[in-house]
Amino acid sequence: MAEINFIPLEYDYFDWQGRNYARIIGRDDKGHRVLMIDLFEPHLYAILKPNLSEKQIQELIKKIEKIKIESGSRTTKIEKIKVEEKNFLGKPVKALKIYVTNFKDAHQVADKLDFPEIEARREYDLSFSTKYIIEKNLVPLGWYKVTGEILNNSQEFGGIDSQFDVDICIFAEKIEKAEEKAFKPKILAFDIEADEFELGKSEILMISLASENFKKVLTWKHCPAKQEFVECFKNEEEMLEKFVEYIKKQSPDILTGYFSDGFDLPYLRARAQKLGIKLSLGVDNSQPVFARGRIPSASISGIIHIDLFRFIETVYSQYLQSETLGLNEVASELLGEGKKDFEFKKSDKIKQHEWRDFFEYNLQDSILTLKLAEKFWPDMFEFSKILQEPLFEITRDSMSSHVENYLIHNLERYNEIAEKRPIHQEIGERQAKEKYEGAFVFQPTPGLYEDICVFDFTSMHASIIVSFNISKSTLLEGRQKNSYETPEFELDGKKEKFYFTKQKGFFPALLEEVVQKRKKYKKEYAEDKNPIKKARSNAYKLLANATYGYLGFFGARYYCREAAASTLAFVRKFTQDSMDRIKEQGYKIIFSDTDSIGFQLSGKTQKQTLDFLKKLNSELPGIMELDLEDFYKRGLFVSKRMTEAGAKKKYALIDEKGKIKIRGFETVRRDWCNLARKLQSEILELILKEGNEKKALELAKKTIINLKERKVNREQIMIRTQLKKPISEYKSITPHVIAATKMKEAGMPIDIGMSIEYFIAETRKTKKLVREKVKLSDEKGEYNIEYYLEHQILPAVENIFDVFEVNIHEISEGSRQKKLF
DNA sequence: TCCCTACCGTGATG
DNA sequence: GTACATCACGGTAGGGA
């Protein structure tokens with residue numbers, strides 16, 4: 001019997017003699033790689049109809065015990081059945097906990113449980129690792145004292161030890177929580193370069209690897225004069241073999257790439273297949289396994305493969321300024337360091353001396369990826385700890401999964417059985433439902449305003465769900481005593497009110513914890529600015545903000561349209577009520593959107609306004625809170641194009657320190673050309689800083705003249721639009737679809753989600769449609785002056801000048817004769 | 001062929 | 001399929017004059 005301190009990292013399972021065993025890879029506190037084996041008895045629940053007699057239950061159990069599933073070579077049987085008092089959707093139920101010998105057949109066992117005594121079958125659709133983690137309470141990245149038999153060099157489990165390249169192999173008998181220790185994973189980043197983007201189409205030219213003390217580029221195509229980090233091979237095969245060998249030697253906990261799920265690993269697989277070699281990267285020498293999805297997920301046994309791009313995309317993209325999520329932009333923003341300059345060419349066109357740069361470029365990509373992984377490690381760590389799911393999963397899961405994982409891993413405290421995932425048909429029905437009414441947006445009056453104050457509700461949706469106990473399980477059939485009543489609102493054409501019990505439901509209760517923890521860690525971070533605290537606070541914030549969306553998401557286990565619609569009814573009510581109170585006080589409302597209200601101080605002081613805010617807060621129910629967002633010196637609001645009506649979701653504010661906040665304007669939209677965006681943002685800045693339009697007008701005139709004199713460079717006029725679906729699915733053939741088609745014809749890779757770049761060129765007069773003037777950046781042609789004037793520059797600035805009753809259109813016409821200026 | 005408007009498509013706000 | 005509804009605006013599709 002031995003005892004080790006163990007931190008679990010990667011979860012999987014195997015069958016042995018008709019039973020399931022978890023096989024978990026992690027480290028001990030001395031840094032040894034550990035394989036822990038643990039018997040796991042998977043189970044599912046059959047929720048019984050109420051009022052069954054003891055005899056009926058016993059007879060049912062006898063029937064269930066006879067269930068057998070034969071699938072291929074394996075037979076799954078019922079191991080044992082327990083009768084338990086549980087809760088389901090907040091209500092007490094009697095349920096059978098049915099243990100099956102093989103997890104893989106839980107679904108089929110559930111299918112056979114169609115007895116009249118059974119009300120519902122549940123928990124057969126949770127993943128193995130989720131079930132295991134809950135049942136054994138062995139949470140990823142926690143420390144545990146594991147007592148058990150060491151199986152090194154043993155023949156147990158068919159000699160499993162010899163199949164795995166680990167230092168310690170232990171068969172767990174007892175697992176106890178141990179004291180938390182610091183853990184620093186060994187991270188290895190990699191990146192490949194090839195001539196073609198199409199997977200496997202061309203040879204892999206080079207592969208770079210980077211960990212803390214190891215930097216290397218493997219290549220074969222061109223062997224340079226000394227470049228110490230470059231290692232040269234005879235051919236691609238040898239290079240790939242060495243790549244596998246280096247990964248084994250480095251023995252990382254985490255192998256990371258940037259878009260490596262979608263590119264590097266599938267490419268490596270395709271090349272290995274073509275060359276007839278094995279990519280035995282796993283600690284059991286298995287090859288990477290690809291799970292299907294929008295982007296495949298590549299897993300390597302015993303090593304956590306993390307595609308950083310995916311984690312950043314789902315969790316952090318909303319907080320990034322970068323216009324694309326490419327490695328260069330993201331690294332530049334977060335690390336202050338970008339890719340190396342290197343102009344891509346096909347390898348046969350690369351000159352002798354340029355190879356050096358190419359190798360450096362390739363290595364830099366791995367180094368950036370490594371640095372990003374280190375930067376995001378606290379975030380990944382916290383997500384994994386909070387959601388209690390392994391790193392591989394949390395770096396790929398969607399926000400809805402994150403919310404769901406948080407719920408599912410905490411149900412036990414409420415003695416709750418987990419709700420099932422909706423089946424295909426239910427998803428269809430949910431999606432077919434009409435949309436429900438959203439938040440309220442106040443229509444502003446165009447103008448330049450001074451002395452503005454903005455209030456906003458903190459985590460408004462979450463605080464409403466908590467304060468009014470809103471969820472699927474707390475929704476009542478109709479009005480009842482001791483319940484919360486929603487405001488009256490329209491749903492599916494009917495005026496409705498909904499009621500939620502005051503008896504706390506697990507869903508709002510768990511959300512309340514999330515909100516409280518967010519508050520706590522935000523405060524802790526303010527006092528001690530360390531990255532772990534920041535990551536923790538941020539993870540809870542993201543979780544709180546995604547929970548409302550989860551309620552209305554068709555794929556959610558705890559989907560509840562009435563609850564989502566009710567939440568929004570409260571959102572509208574509290575924002576409207578607060579606006580009324582602010583108006584009563586003598587302030588003038590300027591704008592409002594969902595949970596924020598902007599108004600003019602109208603002669604009142606900031607102190608008076610803050611006192612008033614306190615009063616408003618004292619009147620709010622539950623955990624709801626109205627907060628000061630900021631005071632602003634000026635704010636600009638414009639009309640919708642070609643109308644007098646004020647535009648919603650479009651404004652620019654300047655605070656007392658001169659910091660500018662621009663929302664909704666073309667400046668912040670990635671699908672406008674830089675020329676228009678830059679001009680607009682400079683104009684907004686001049687107007688907000690100066691308080692008038694004079695200087696801004698001069699700038700506009702100068703830009704128009706520049707444009708007409710063809711002095712604008714190519715980069716400034718490129719228009720970028722994302723391709724959101726396959727070219728053939730577009731009903732409307734827009735300029736970006738034409739541009740994408742042209743790219744495809746030129747042999748460039750076209751993928752969904754790609755940013756398509758083009759400009760509008762001068763063409764013969766017969767071509768009327770914009771799409772007929774589309775050219776790619778490498779095509780010859782001059783930019784279309786009229787288009788950029790009438791469709792980019794003027795639309796971007798005319799509404800702004802309208803506020804000052806300046807007609808930029810007329811001025812622009814006049815500028816045909818430059819003398820006017 | 002021209003003109004108008006409904007609809008498609010993207011990317012914003014919160 | 002992978003959190004929600006609301007909004008602005010360019011551009012095309014397609015019918016009617």
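Chain naming here is simple, since letters A, B, ... match the order of the sequence lines and numbering starts at 1 in each.
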### Task
Sticking with atom C1', work out how far B:dC8 lies from C:dA3, rounded to a whole angstrom.
24 Å
According to a strict under-4.0 Å criterion, is [X] in side-chain N/O contact with OP1 or OP2 of [N]?
X: A:Arg670; N: B:dA12; answer: yes
X: A:His461; N: C:dC4; answer: no
X: A:Arg771; N: C:dA13; answer: yes
X: A:Tyr651; N: B:dA12; answer: no
X: A:Ser398; N: C:dT2; answer: no
X: A:Lys724; N: B:dT10; answer: no
X: A:Lys648; N: C:dC7; answer: yes
X: A:His736; N: B:dG9; answer: no
X: A:Tyr730; N: B:dT10; answer: yes
X: A:Asn799; N: C:dC9; answer: yes
X: A:Lys725; N: B:dG9; answer: yes

Determine the contact category for [X]: base if any of its heavy atoms lies under 4.0 Å from a base atom, sugar-phosphate if only primed atoms, P, OP1 or OP2 are that close, otherwise nothing.
X: A:Ala647; value: sugar-phosphate
X: A:Tyr559; value: nothing
X: A:Leu769; value: sugar-phosphate
X: A:Ser400; value: sugar-phosphate
X: A:Phe665; value: nothing
X: A:Ile733; value: sugar-phosphate
X: A:Gln431; value: nothing
X: A:Arg669; value: base

Between [X] ([atom1]) and [N] ([atom2]), how many Å, whole number?
X: A:Phe507; N: C:dA3; atom1: CZ; atom2: P; answer: 14 Å
X: A:Ile752; N: B:dG9; atom1: CD1; atom2: P; answer: 13 Å
X: A:Asp397; N: C:dA3; atom1: CG; atom2: P; answer: 11 Å
X: A:Tyr758; N: C:dG10; atom1: OH; atom2: P; answer: 13 Å
X: A:Glu323; N: B:dA12; atom1: CD; atom2: C1'; answer: 13 Å
X: A:Glu729; N: B:dT10; atom1: CD; atom2: P; answer: 11 Å
X: A:Asp456; N: B:dT13; atom1: CG; atom2: C1'; answer: 13 Å
X: A:Lys435; N: C:dC7; atom1: NZ; atom2: P; answer: 11 Å

#### Entry: Set of side-chain hydrogen bond (donor to acceptor under 3.5 Å, both in side chains) partners for A:Gln716, sequence neighbours left out
none
Quick one: do [X] and [Y] make a salt bridge, cutoff under 4.0 Å?
X: A:Glu757; Y: A:Arg720; result: yes
X: A:Glu666; Y: A:Lys650; result: yes
X: A:Glu682; Y: A:Arg677; result: no
X: A:Arg764; Y: A:Glu772; result: no
X: A:Asp397; Y: A:Arg310; result: no
X: A:Arg581; Y: A:Asp577; result: no

Choosing from [options], which nucleotide comes nearest the side chain of [X]?
X: A:Phe554; options: C:dC4, C:dC9, C:dG11; value: C:dC4
X: A:Pro735; options: C:dT12, B:dT10, C:dG1; value: C:dT12
X: A:Tyr548; options: C:dG11, C:dC4, B:dT10; value: C:dC4
X: A:Lys650; options: B:dC8, C:dC9, C:dC4; value: C:dC9
X: A:Glu437; options: B:dG11, C:dT6, B:dT13; value: C:dT6
X: A:Met399; options: C:dG10, C:dA3, C:dG11; value: C:dA3
X: A:Trp672; options: B:dT13, C:dC9, C:dT2; value: C:dC9
X: A:Val770; options: C:dT12, B:dG9, C:dT6; value: C:dT12

### Message
Check whether A:Phe665 forms a cation-pi arrangement with A:Arg669 (NZ or CZ under 6.0 Å from the six-membered ring centre, at most 45° off the ring normal).
### Response
no
